[in-house]
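The structure appears right after this line, and notes come after that.
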Amino acid sequence: MSADNSDENVSVPLRNLLNSVQCIRDRVRDGESNESDGAFNLSNFWDTLSQAVKAVSQEATKLSLAFSKPPLPSQQDGEKLAESIMKSVLTLSTVYYWLPKSQGVSLRRQVRDATVEVLEGVAQLVEVILSSPLQSLTQEQLTSTGGVWSACDQFAQLPQDNKAAVLVVLSTQIGVVKDAIEEIEQALSEAHDPFSDVLDDDEAGDEPRGNQDTYWSEKDRRVIGPCQGLMKASAACLRKLMSAVKSNGDVTTSQNVAQLDDLADITKEISPGVDDLALCLYPPMDYNGVETNVSKLAALLKKVLEIIRSSHVCGESQLTWVQFLDGAVDHNLQKAKDLIQEDS
C-alpha cells in the first residue's frame, strides 16, 4: 500500500469525526435543555461534567500524539481513535443537556458557551490534522491541542450556580461601562482635538485645520456634564446591584432563580445604552441624537431600578440607593434636555 493510499484511508475516519463533532457543536449551540421534572442534583452534575471534560482533553491529546510522528496509525487504529474521541464528545454534550433551565438561564448559557468552545477546539484540532502533512507535528497542531486543553480548563472557573453566573454578567457589564466613562473623561481632559491623532495622519502639508466640527463648543461641554452624570448613575446601579445580589441573591426557589435571570438580562442592555450615548457626545455633536440617547438610557435605568425594587435582592437598605439613583436619573435627564434646548 502506498503512503498516499494509507494517508487517504486514515483520513476517512477523521473526516467523519470532523463532520460529527461540528454537528454536535451546532446542536449544543442552538438546542434546548431537557426539562427536569424531578429534583436535580447540581453537585452531581458538576462532578459528572468535570469527568466528561477531562475525558475529552485526554482523548484530544491521544489523537494529537498519534498524528505527531511516523508511523501513521493504521486505518483500524484511526477508526478506534476517532470512535474514542467521538464517545467523549457525545458524553460531554449529553451531560450538558442534563442542566435544566430551572437551574437558571444565565448559568446554562455560560455552561453552553464553555461546552461549545471545547467542541469548537476539537473540530479545529481534527481540521488541522487533516490539512497538515499527516506524519509531522506542525505548530498549528500544537496550538490547536493547547486550544482544547485551555477550553477544558475553563470549566474549573465556571460559576457553580445561577447567583454566581449573574455576578459574572454584572462584573462584565461594570467593566464595559467603566471603560466608556473613562474614555469620555480622557477625551475631555485633553486640551487638543480628540480626533487629531486620527485626522492628522490623513492630512498633507502644514496648513492648520480650521474645522471647528472637530472641537467641543462651550455648550457641548455643558451638555456633556449631565450625560456623564447619567453614565455614572449606570455604573453605580450596576455596582450596587452586584453587591445586593452577593448579599441577598437566592437560588433555592424557581421564582428567585428567574428574578436573577431577569436582572441579568435587563442589565445587559445598560452597556450598549451607555456606549450609544458616549459615541454621540463626540464632535460634531448632534443634539437630537444626544437627546434621543439620553432619554433611552434614562428610561432603561428607570426600568432596571423598578425590576430591582420588585425583586428579592432589594431589602430595606437597598431601597435607599434605588430611590436615590431614581432621582439622579430624573435630575440628569432634565438637566441635559434643558441645556440642549438653550439658545435653540
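The figures here come from the full heavy-atom set of this structure, side chains too, leaving out hydrogens, waters and symmetry mates. Residue numbers start at 1 and run along the sequence shown.
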Legend entry - Residues C280, T292; criterion side-chain contact (heavy atoms from CB on, under 4.5 Å); working and verdict: CA-CA 10 Å; C280 71; T292 300; over 6 Å; no
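- Checking side-chain atoms of W98 against main-chain N and O of F40 turns up no donor-acceptor pair under 3.5 Å.
- Although no hydrogens or angles enter the test, the distance criterion places no donor-acceptor pair under 3.5 Å between the side chain of S171 and the main chain of V168.
- Counting heavy atoms from C-beta outward, R112 and L99 have side chains that stay 4.5 Å or more apart.
- In this structure, I24 and M86 have side chains that are in contact, with non-hydrogen atoms separated by less than 4.5 Å.
- At least one donor-acceptor pair closer than 3.5 Å links the side chain of D261 to the backbone N or O of S106.
- Between the side chain of K219 and the main chain of E342, a donor-acceptor pair closer than 3.5 Å is present.
- Tracing side-chain contacts under 4.5 Å through hydrophobic residues (I, L, V, M, F, W, Y), one never reaches I266 starting from V176; they form parts of separate clusters.
- Annotation: side chain of R108 is not in contact with side chain of V105 (no heavy-atom distance under 4.5 Å).
- Here I85 contributes atom CD1 and T61 contributes atom OG1; the two are 8.5 Å apart, rounded to the nearest 0.5 Å.
- Summarising the geometry of E185 relative to K232, their closest heavy-atom pair is OE2-CE, 3.3 Å, with the distance given to 0.1 Å.
- Separation of atoms CG (L230) and NE2 (H331) is listed at 11.0 Å; rounding is to 0.5 Å.
- L14 has its side chain within reach of L63: a pair of non-hydrogen atoms, C-beta onward, lies under 4.5 Å apart.
- For A82 against L17, the heavy-atom pair with the smallest separation is O-CD1, 3.7 Å.
- Put simply, W149 and F67 are part of two different groups of oily side chains (I, L, V, M, F, W, Y) that touch within less than 4.5 Å, one to the next.
- Clustering ILVMFWY residues whenever any of their side-chain heavy atoms sit less than 4.5 angstrom apart, transitively, puts Y282 in the very cluster that holds V294.
- The cationic atom of K240 (NZ for Lys, CZ for Arg) does not lie both less than 6.0 Å from the six-membered ring centre of F324 and within 45° of the ring axis.
- Taking a 6.0 Å sphere around CD of Q76, one finds it holds 12 or fewer heavy atoms contributed by other residues, nucleotides or ligands.
- The pair D326-K302 meets the salt-bridge criterion, with a side-chain N (NZ, NE, NH1 or NH2) lying under 4.0 Å from an Asp/Glu carboxylate O.
- Between the side chain of Q318 and the main chain of G315, a donor-acceptor pair closer than 3.5 Å is present.
- A salt bridge between E59 and K62 is present, with a side-chain N of the basic residue lying under 4.0 Å from a carboxylate O of the acidic one.
- The same ILVMFWY cluster, assembled from side-chain heavy atoms under 4.5 Å apart, contains both L260 and L167.
- Using a 4.5 Å heavy-atom cutoff, the side chains of L119 and V28 are in contact.
- Side-chain contact between L49 and V111: present, with at least one pair of heavy atoms (C-beta onward) separated by less than 4.5 Å.
- When every heavy atom of L42 is checked against every heavy atom of D161, the shortest pair comes out as CD2-CB, 4.1 Å.
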Legend entry - Chi angles and distances behind the side-chain hydrogen bond (donor to acceptor under 3.5 Å, both in side chains) call for Q22, D26: CA-CA 6 Å; Q22 286 171 334; D26 294 344; over 6 Å; no
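- Atoms CE and SG, on M242 and C237 in that order, are 13.5 Å from each other to the nearest 0.5 Å.
- Looking at S57, its side chain never comes within 3.5 Å of a backbone N or O of V53 through a donor-acceptor pair.
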Legend entry - side-chain contact (heavy atoms from CB on, under 4.5 Å) between S311 and D262, intermediate numbers included: CA-CA 9 Å; S311 78; D262 288 344; over 6 Å; no
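- How far CD of E140 is from OG1 of T143: 7.0 Å, rounded to the nearest 0.5 Å.
- In this structure, W216 and P283 have side chains that are in contact, with non-hydrogen atoms separated by less than 4.5 Å.
- Of the possible donor and acceptor atoms, none in the side chain of E291 sits under 3.5 Å from a partner among the backbone N and O of I340.
- Judged by distance alone, the side chain of Q141 and the main-chain N or O of S64 form a donor-acceptor pair under 3.5 Å.
- Between the side chains of D47 and S50, not a single donor N or O lies within less than 3.5 Å of an accepting N or O.
- Here the OG-CG distance, from S295 to L333, works out to 5.0 Å after rounding to the nearest 0.5 Å.
- Rounding to the nearest 0.5 Å gives a distance of 11.0 Å between CG of N162 and CG of D250.
- Side chains of S144 and Q124: no donor on one and acceptor on the other come within 3.5 Å.
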Inset, instruction - Test K296 against E269 for salt bridge (Lys or Arg N to Asp or Glu O under 4.0 Å), laying out the working first. - result: CA-CA 11 Å; K296 270 189 195 168; E269 296 175 34; over 6 Å; no
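- No donor-acceptor pair closer than 3.5 Å links the side chain of R29 to the backbone N or O of V116.
- If you chain together hydrophobic residues whose side chains sit under 4.5 Å apart, V118 and L90 fall into the same group.
- For the pair E306 and R309, the salt-bridge criterion is met [side-chain N within less than 4.0 Å of a carboxylate O].
- Between T94 and Y97 there is no side-chain heavy-atom pair separated by less than 4.5 Å.
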Legend entry - Full working for side-chain contact (heavy atoms from CB on, under 4.5 Å) between T253 and H312: CA-CA 11 Å; T253 71; H312 72 276; over 6 Å; no
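- No donor-acceptor distance shorter than 3.5 angstrom exists from the side chain of S247 to the backbone of A244, with no hydrogens or angles considered.
- Taking both residues in full, the closest heavy atoms of R15 and L130 are given as CG-CD1, 3.8 Å, listed atom of the first, atom of the second, then distance.
- Heavy atoms only, all atoms of each residue included: C227 and L277 are closest at O-CD2, 3.9 Å.
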Inset, instruction - Show your working on side-chain contact (heavy atoms from CB on, under 4.5 Å) between N293 and L279 and close with a plain yes or no. - result: CA-CA 10 Å; N293 283 298; L279 282 171; over 6 Å; no
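- In terms of heavy-atom proximity, L92 sits nearest to A52 at CA-CB, 4.0 Å.
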